[in-house]
Each structure stands twice: as structure tokens, then as C-alpha cells.
Amino acid sequence: MSTVCPFCAPELDEQRVEDSNDLCLFLRSHDPVLAGSGIIVPRAHRRDVFELSREEWAATFELLGRVKTTIDREFGPDGYNIGWNCGAPAGQEVLHTHMHVIPRFADEPLAGRGIRHWLKQDANRRTRAA
């Protein structure tokens, strides 16, 4: 298993960087199911969103506004899912925080099911109470 962070590696594929500012980058996904989606990544290595500075939060929000304008123009989505996964139980696979930006469309088979939909299912109920 590689110990090199894919978002910190010097060989980060610059072709994936679609927009940026001084503190973060927007990397477009090439997932054919999630057309137009991508992630906003801080330039500095931060394990999760709780480690971001106020300046990184502001830069992330500023870049998110620009990214939304671009995605709206290119894809015309009907809505968005925006989210962070923090820790392995929450689905974080790369331990460098990144905000998912996912345009959503009214004609999707799963339209109307938000980021909490699957978490609220009875099958996700913990077997032991906290």
C-alpha cells in the first residue's frame, strides 16, 4: 500500500485541476455516472474537514461558488449534493480531506434521494446502542 497521498503527490495530474485558488483545487471526476462531479481539495494536507483553517474554509466556499457556476453552465443540473466523508466508517478512503460536489438531475433513477437516504435505512441501524 502506498503511503504517498494522491492529493499531495508532485505528480498530481494537472489535467484534472479544473479550477483553483491559493488554498484549494477543484478536481473533476471522470465517473460516467456522476457527470460533472468533482472534489474540492485543500492544497495543504489536512486529514479531515475539522482540520481546515478559517482561511481554508473561506477559500473552499469561494471556489465552490465558481465551480457551481461552471457546472450550471456546462450541465444544467436541477440540484446538488455537497458533502464530506470524515473517517473510514463514514466512507473516507483518501485521508486528505476533500469536499464532494455532485450535480443532480430530476431524470436520474435515484433523484430525490439525498446523501442521508441510505444512512436512514433500517438495515443501517446499529446493533448496539451507544
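None of these values were measured; they are calculated from a predicted model.
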Restricting to side chain to side chain contact (heavy atoms under 4.5 Å, CB included), what partner residues turn up for Phe105, sequence neighbours left out?
Phe75, Pro77, Asp78, Pro103, Asp107, Glu108
Do Asn21 and Glu62 have side-chain atoms, one donor and one acceptor, less than 3.5 Å apart?
yes
Decide whether Val49 and Met99 are clustered together by the hydrophobic rule: side chain heavy atoms of Ile, Leu, Val, Met, Phe, Trp, Tyr closer than 4.5 Å, transitively.
yes
Look at atom CG of Asn124 and say whether more than 12 heavy atoms of other residues, nucleotides or ligands are closer to it than 6.0 Å.
yes
Can you tell me if Glu93 has over 12 outside heavy atoms packed within less than 6.0 Å of its CD?
no
Member of Val67, Asn81, Leu63 meeting the side-chain contact (heavy atoms from CB on, under 4.5 Å) criterion with Val101
Val67
Can you check whether Arg28 reaches Thr70 side chain to side chain, under 4.5 Å on heavy atoms?
yes
Nearest-0.5 Å distance, CD1 of residue Ile71 to CZ of residue Arg73
10.5 Å
Flag yes if Ile40 and Val17 sit in one hydrophobic cluster, no otherwise; membership is Ile, Leu, Val, Met, Phe, Trp, Tyr, and two members link when side-chain heavy atoms are under 4.5 Å apart.
no
Rounded to the nearest 0.5 Å, what separation is found between the CG atom of Leu27 and the NE2 atom of His98?
10.0 Å
For a side chain to side chain contact (heavy atoms under 4.5 Å, CB included) check, start with the C-alpha distance between Leu52 and Trp84, then their side-chain angles and the critical distance, and finish with the verdict.
CA-CA 12 Å; Leu52 293 178; Trp84 307 85; 3.8 Å; yes
State which residues pass side chain to side chain contact (heavy atoms under 4.5 Å, CB included) with Arg125; sequence neighbours excluded, sorted by chain then number.
Asp122
Using the salt bridge (charged side-chain N to carboxylate O under 4.0 Å, His left out) rule, collect all pairs that involve residues 31-47, keeping only residues at least two apart or in two chains.
Arg46-Glu56
